[in-house]
Amino acid sequence: MDATDTTHKVDFTITEHTDGLLAKRFGNGWYYAFDDSDVSTGPFPTRDAAHAAAIELVEQSVAAALVSALFGEAA
């Protein structure tokens, strides 16, 4: 890597909720939350499904940022 390279680390946590506010309001299941956010997304039926959804969101965000950087906001 040289001085123009950029790296960004994305951390998220996957948690099963079977009681508490999230489970009561949205249902039992697995939820993911990015470590810099208080927002949890779910429920998903399995831990693997929650993991795949979080990874997909990261991939879509990176793709959108790349398109914006290459082609501007109009893309």
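Along the sequence shown, residues are numbered consecutively beginning with 1. The shown structure was predicted, so the numbers you read here are calculated from the model rather than taken from an experiment.
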K.L.:
Hydrophobic clustering (ILVMFWY, side-chain heavy atoms < 4.5 Å, transitive) - are Leu66 and Phe71 grouped together?
P.N.:
yes
K.L.:
Taking transitive links into account, so neighbours of neighbours count too, which hydrophobic residues share a cluster with Leu21 at under 4.5 Å side-chain distance?
P.N.:
none
K.L.:
Got a sec, which hydrophobics cluster with Val10, joining ILVMFWY side chains under 4.5 Å apart, including via others?
P.N.:
Phe12, Ile14, Trp30, Tyr32, Phe34, Phe44, Ile55, Leu57, Val58, Val62
K.L.:
Kindly indicate, with the supporting measurements, whether the criterion side-chain contact (heavy atoms from CB on, under 4.5 Å) is fulfilled by Ser40 and Leu22.
P.N.:
CA-CA 8 Å; Ser40 292; Leu22 277 176; 3.7 Å; yes
K.L.:
To check you understand the geometry: which heavy-atom pair defines the closest contact between Asp19 and Asn28, and what is its length?
P.N.:
N-OD1, 4.4 Å
